[in-house]
Amino acid sequence: MAHDLFEAARDAMQFAHAPYSKFPVGAAIRADDGKIYTGANIENLSFPQGWCAEPTAIGCMIMGGGKKIIEMAVIAEKLALCPPCGGCRQKISEFASASTKIYLCDEVGVQKTMTMDELLPLSFKTDILG
Ligand SMILES: O=c1ccn([C@H]2C[C@H](O)[C@@H](CO)O2)c(=O)[nH]1
Ligand SMILES: [Zn+2]
């Protein structure tokens, strides 16, 4: 089942706009509506203005009507594995649960499976904000 997510993330990586880092990344989300939403990193000449593949996929999910991340795959062209960066872990957690699976992929397929809680332990939670 995760293999289709791997393929979607790998295909999404082709759309990366990464002329500065030359480090294309792809991400794919299976959402609660049953659809797969994908994203790639989109860099900018003003370096801090670029963003990661994961928030591109999250934005596509939200605008497509998905509300929750059921599982997610991430792949980078030039790394054995690409664990989501710290900022992405927080962004993913907004739409995930502790047991949501995140698949770290290489060019062959899924190489490591982690839960949201393993990626972002002791995450910020409050009931003050609802
Ligand atoms: O979780 C991550 C970490 C990095 N990148 C991108 C950002 C930048 O464009 C390139 C090099 O850091 O990789 C992602 O897309 N996701
Ligand atoms: Zn990131």
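Ligands are counted one by one from 1 in listed order, and the atoms in each one are counted from 1 as well. When a residue number appears, it is its place in the shown sequence, counting from 1.
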Is the closest N or O pair between Cys82 and ligand 1 shorter than 3.5 Å?
-> no
Looking only at distances, please establish whether an N/O atom of ligand 1 is found under 3.5 Å from an N/O atom of Glu43.
-> yes
Nearest neighbour in protein (non-hydrogen) for atom 16 (N) of ligand 1 | Glu54 OE1, 2.9 Å
Measure the acute angle between the ring planes of His3 and Phe6, then classify it against the limits of 30° and 60° as parallel, tilted or perpendicular.
-> tilted
Does Pro84 reach ligand 1 with a nitrogen or oxygen that is under 3.5 Å from one of the ligand's nitrogen or oxygen atoms?
-> no
Quick one: nearest non-hydrogen protein atom to atom 6 (C) of ligand 1, plus distance?
-> Asn41 ND2, 3.6 Å
Taking Lys78 for its side chain and Lys22 for its backbone only, find out whether a donor-acceptor pair lies under 3.5 Å.
-> yes
Determine yes or no for a side-chain-to-main-chain donor-acceptor pair under 3.5 angstrom, with Glu54 supplying the side chain and Cys88 the backbone.
-> no
Please check if the side chain of Arg10 supplies one atom and the backbone of Glu107 the other of a donor-acceptor pair under 3.5 Å.
-> no
Under 2.8 Å from the Zn ion (ligand 2), the protein N, O or S atoms found are Cys52 SG, Cys85 SG, Cys88 SG
List every atom of ligand 1 that sits less than 4.0 Å from any heavy atom of Ser21, numbering the atoms from 1 in the order shown and giving each element.
-> 10 (C), 11 (C)
Nearest atoms (heavy-atom pairs only) where Pro24 meets Ala18 | N-CB, 4.2 Å
Should Met116 and Phe95 be regarded as members of a common hydrophobic cluster, given that ILVMFWY residues are connected when their side-chain heavy atoms come within less than 4.5 Å of each other, either directly or indirectly?
-> yes
Look at the side chain of Tyr103 and the backbone N and O of Ala2, then say whether any donor-acceptor pair between them is shorter than 3.5 Å.
-> no
Would you kindly confirm whether Leu104 and Met13 end up in one hydrophobic cluster when ILVMFWY residues are joined by side chain heavy atoms under 4.5 Å apart?
-> no
With the threshold set at 4.0 Å, does a side-chain nitrogen-carboxylate oxygen contact exist between Glu71 and Arg30?
-> yes
Counting each atom of ligand 1 from 1 as listed, which ones have a heavy atom of Val25 under 4.0 Å away?
-> 5 (N), 6 (C), 13 (O), 14 (C), 15 (O)
Count the heavy atoms belonging to other residues, nucleotides or ligands that lie under 6.0 Å from NZ of Lys112, then report whether that count exceeds 12.
-> no
Out of Phe47, Phe23, Trp51, indicate the one that has the non-hydrogen atom closest to atom 11 (C) of ligand 1.
-> Phe23
Element-labelled atoms of ligand 1 that are located less than 4.0 Å from some non-hydrogen atom of Cys52 | 2 (C), 3 (C), 4 (C), 5 (N), 7 (C), 14 (C), 15 (O), 16 (N)
Paired with Trp51, the side-chain contact (heavy atoms from CB on, under 4.5 Å) test is passed by just one of Thr56, Asn41, Asn44, namely Thr56
Ligand-side contact atoms (ligand 1) for residue partner Ala53, heavy atom cut-off under 4.0 Å | 14 (C), 15 (O)
